Amino acid sequence: MNILLTGGAGFIGSHTCVELCEAGHHPIIVDNYVNSCEESILRVEKITGRKIPHYQADVSDAQAMDRIFFENEIDCVVHFAGLKAVGESVEQPLRYYRNNLDTTLTLCEVMKKHGVRKIVFSSSATVYGNQPVVPYREDMPSVGCTNPYGWTKFMIEKILEGVQHANPEWSVVLLRYFNPIGAHESGLIGEDPAGIPNNLMPFIAKVAVGELKKLSVFGNDYPTPDGTGVRDYIHVVDLAKGHVKACDYAMEHPGCEIINLGTGHGYSVLDIVNTFQRVNHVEIPYEIAPRRPGDIAENYADPTKALKLLGWQAEKNLEDMCRDTYRFQTRNPKGYRG
Ligand code: NAD
Ligand code: WQD
C-alpha cells in the first residue's frame with residue numbers, strides 16, 4: 001500500500017515509517033518541519049535501506065497537497081501533523097486551533113477530491129478528560145478537555161466522525177495514544193524536543209546526560225501507591241506497529257472506530273526514574289515539587305479493543321523504553337542537530 005504520513009518526520013511518524021517499510025508498505029511523507037527536520041527521514045532511510053519520498057509542505061496548503069495526491073497513488077493516510085505542546089496551546093490557542101483544524105479540513109477535502117477514503121488519525125487519551133475511573137475505555141463519554149490542544153483532538157475526532165457518517169464508504173480509525181516514549185533500538189531515531197522538554201521521559205533523558213541538573217517530580221501526594229502521578233507509558237515502536245495494523249484494518253473495514261493504544265499498565269513517576277537508573281546505570285537527581293496544574297493522579301488504557309479489532313498489543317516493557325530512550329540520547333546528545 002502507498003500510505004501518506006502527514007507529520008511523518010516527527011517522533012511517532014518516523015517510527016511508523018520504519019514499521020510500514022518493514023511490513024512491505026510504501027510510505028510517503030509530507031511535513032513542514034515546524035517541529036522536526038529532514039534528518040529524521042534520512043535516518044529512516046538508513047534503517048530501512050529504502051528511499052522515502054518526502055515533501056516539505058504545510059498540510060493546510062491545498063495546492064501543495066493536491067500535487068502530492070496527484071503524483072502518488074495514495075491508498076491510505078495516517079494523519080500525525082499537528083502541534084502538540086499542552087502548555088503552549090494554553091498560551092497560543094488560536095495557533096493551535098488554526099493549525100490542527102486547518103490541516104485536517106484541507107486533508108479531508110483533498111482526500112475527497114482524489115477518492116482516497118481511508119484515514120488513521122493520531123488522537124490522544126487527553127480527549128477523555130479527567131475521568132474519575134480507570135482504566136479508560138473507548139465507550140466512556142469525555143468529561144471535557146482541560147486545554148486547547150486537547151480540544152483540537154476532540155474536535156478533529158468529531159470532524160472525521162462526521163465525514164465518515166456522511167460518506168459511509170470512508171474508513172476512519174481514531175487512535176487514542178497514551179504516553180509514547182522510547183526510541184528505535186538502532187539509536188538512530190527518537191524523540192528530539194526543541195528547548196526544555198515538558199514531558200517526563202525527554203526531561204529524564206536530558207538529566208541523564210547532564211544537560212539538565214535535576215528532575216522536578218510534580219507532586220508526591222496523589223492517591224497512588226507512591227504518591228506520584230501514574231500513566232500508561234507505551235514504547236513508540238509498539239505504537240508504530242499499531243499504526244500498521246490500523247492501516248490494514250482501515251483498508252478492509254469501512255466505518256469509524258475509536259481505539260486506545262496503550263499497554264493497560266500504569267507506572268508512577270518514581271517507577272520511571274528508578275527503572276531508568278537501574279537499567280542504564282546512571283543517576284537521575286530529583287526533587288519533589290508542587291503538583292503541575294491540570295495534572296491528574298492516574299490514567300491507563302483498557303487496551304482490549306485494540307487486541308480484538310486489530311490483533312495488536314504492546315510487547316515491549318518499561319525496561320526497553322528506558323534503555324532505548326537513553327541509547328538515542330547518548331548517541332545524539334544534541335538530537336538531530338548534533
Ligand atoms: P511531533 O511534533 O514529533 O510530530 C508532528 C509532526 O507534524 C512534526 O514533524 C511537525 O513538523 C509536523 N507538523 C505540524 N504541523 C504541520 C503542518 N501544518 N503541516 C505539515 N506538518 C506539520 O509529534 P509526535 O509526538 O510525533 O506526535 C504525532 C501526533 O500524535 C500529533 O498529532 C500529536 O498531537 C499526537 N499525539 C502525540 C502524543 C505524544 O505524547 N507524543 C500523544 C498523543 C497524541
Ligand atoms: C507524565 C507524568 C507529570 C514532567 C501529556 C499530554 C497528553 C499526551 C501525552 C499528547 C505526570 C510527571 C512530568 C516533569 C514530572 N500528549 N512529570 N516532572 O501529562 O501524562 O501527558 O503527554 O496528546 O495529552 O498531556 O505526560 O510526560 O508530561 O507527564 O513529575 O518534569 O510525569 O506530573 O504525572 P502527561 P507528561
Side-chain angles (χ1 to χ4, degrees), residues 5 7-22 27 29 31 33 35-50 52 54 80 84-85 122 177-215 231-243 261 263 267 269 271-286 314-338:
L5 309 182
F11 172 46
I12 303 169
S14 55
H15 288 81
T16 300
C17 195
V18 170
E19 297 308 318
L20 286 169
C21 288
E22 311 263 298
I29 289 176
D31 202 302
Y33 307 130
N35 196 38
S36 57
C37 55
E38 194 190 18
E39 177 63 20
S40 68
I41 304 174
L42 304 180
R43 305 266 182 110
V44 168
E45 292 185 336
K46 203 166 174 187
I47 294 169
T48 60
R50 293 255 299 266
I52 310 294
H54 54 283
F80 296 106
K84 65 161 183 177
S122 297
Y177 314 152
F178 279 70
N179 289 52
I181 58 171
H184 192 262
E185 64 175 15
S186 63
L188 284 168
I189 56 170
E191 191 167 9
D192 179 23
I196 296 176
N198 300 303
N199 297 114
L200 179 64
M201 190 54 117
F203 201 104
I204 290 178
K206 287 192 185 286
V207 172
V209 294
E211 203 179 307
L212 294 170
K213 275 210 163 58
K214 64 179 159 192
L215 171 73
R231 298 289 183 275
D232 186 339
Y233 296 93
I234 173 168
H235 197 296
V236 65
V237 171
D238 278 334
L239 193 74
K241 288 181 175 162
H243 289 74
L261 291 185
T263 66
Y267 289 104
V269 176
D271 288 335
I272 305 286
V273 170
N274 292 334
T275 308
F276 196 100
Q277 295 189 127
R278 180 168 50 79
V279 302
N280 294 319
H281 313 289
V282 63
E283 207 198 330
I284 307 295
Y286 70 85
E315 287 165 358
K316 291 179 182 279
N317 61 27
L318 188 57
E319 297 188 353
D320 299 321
M321 303 185 215
C322 291
R323 212 178 281 122
D324 292 340
T325 299
Y326 189 55
R327 185 183 303 110
F328 178 74
Q329 189 67 45
T330 47
R331 293 199 187 168
N332 306 273
K334 293 198 171 71
Y336 291 121
R337 286 159 283 266

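On a predicted model such as this, the values are computed, not experimentally measured, just so you know.
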Is a side-chain N or O of D31 found less than 3.5 angstrom from the main chain of E38, in a donor-acceptor match?
no
Heavy-atom check, side chain of N280 versus side chain of C322, under 4.5 Å:
yes
Counting C-beta onward and ignoring hydrogens, is there a side-chain heavy-atom pair between I12 and S122 closer than 4.5 Å?
no
Taking atom CG of L42 and atom CD1 of I52, what is their separation to the nearest 0.5 Å?
10.0 Å
Do you know which two heavy atoms are closest between L5 and G13, and how far apart they sit?
CD1-O, 3.9 Å
Ignoring hydrogens and angles, tell me if any N or O in the side chain of D238 forms a donor-acceptor pair with the backbone of K316 under 3.5 Å.
yes
NZ of K334 to CD of Q329: how many Å apart, nearest 0.5 Å?
11.5 Å
Evaluate the ring planes of H184 and H15, with Trp represented by its six-membered ring, and classify them as parallel (under 30°), tilted (30 to 60°) or perpendicular (over 60°).
tilted
Check whether any side-chain heavy atom of L212 sits under 4.5 Å from a side-chain heavy atom of P197, and report yes or no.
yes
Quick one: CD1 on I234 to CD on E315, what's the gap to the nearest 0.5 Å?
10.5 Å
Here the pair of heavy atoms bringing G8 nearest to I29 is O-CD1, 3.6 Å
Report yes or no: does R327 contribute a side-chain atom to a donor-acceptor pair with the main-chain N or O of E185 at less than 3.5 Å?
yes
I want to check something: taking the side chain as every heavy atom from C-beta on, are F80 and T16 in contact at a cut-off of under 4.5 Å?
yes
Heavy-atom pair with the smallest gap, counting every atom of S40 and A9:
OG-O, 2.7 Å
Rounded at 0.5 Å granularity, tell me how far CG in N179 sits from CG in N199.
7.5 Å
Do the two ring centres, one from Y33 and one from H54, sit under 6.0 Å apart?
no
So that I can tick it off, tell me whether K84 and E191 are bridged by a salt bridge, with the cut-off set at under 4.0 angstrom between side-chain N and carboxylate O.
yes
Is D192 reaching over with its side chain to a backbone N or O of Y336, donor-acceptor style, under 3.5 angstrom?
yes
Rounded distance [0.5 Å steps], CG in D320 versus OG1 in T275:
11.5 Å
S14 side chain near R43 side chain, heavy-atom distance below 4.5 Å:
no
V279 to R323 - nearest heavy-atom pair and separation:
CG2-N, 4.1 Å
Counting distance only, does the side-chain N/O of E19 pair as donor-acceptor with the main-chain N or O of K241 below 3.5 Å?
no
Using a distance-only test with no angle check, is there a side-chain donor-acceptor pair under 3.5 angstrom linking T263 and Y233?
no
For Y177 and H243, what are the C-alpha separation, side-chain angles and deciding distance, and is it a ring-ring contact (aromatic ring centres under 6.0 Å, His included)?
CA-CA 11 Å; Y177 314 152; H243 289 74; 5.3 Å; yes
Give the minimum heavy-atom separation between L261 and G242, together with the two atoms involved.
CD1-CA, 4.4 Å
Hey, is the main chain of G10 close enough, under 3.5 Å, to the side chain of N35 for a donor-acceptor pair?
no
Straight-line distance of L215 CG to L200 CG, nearest 0.5 Å
6.0 Å
For V237 against A183, the heavy-atom pair lying closest together:
CG2-O, 4.2 Å
What I want to find out is whether E319 reaches R278 closely enough, with some N-O distance under 4.0 Å, to be called a salt bridge.
yes
Within a strict 4.5 Å, meaning less than it, do heavy atoms of the I196 and F203 side chains meet?
yes
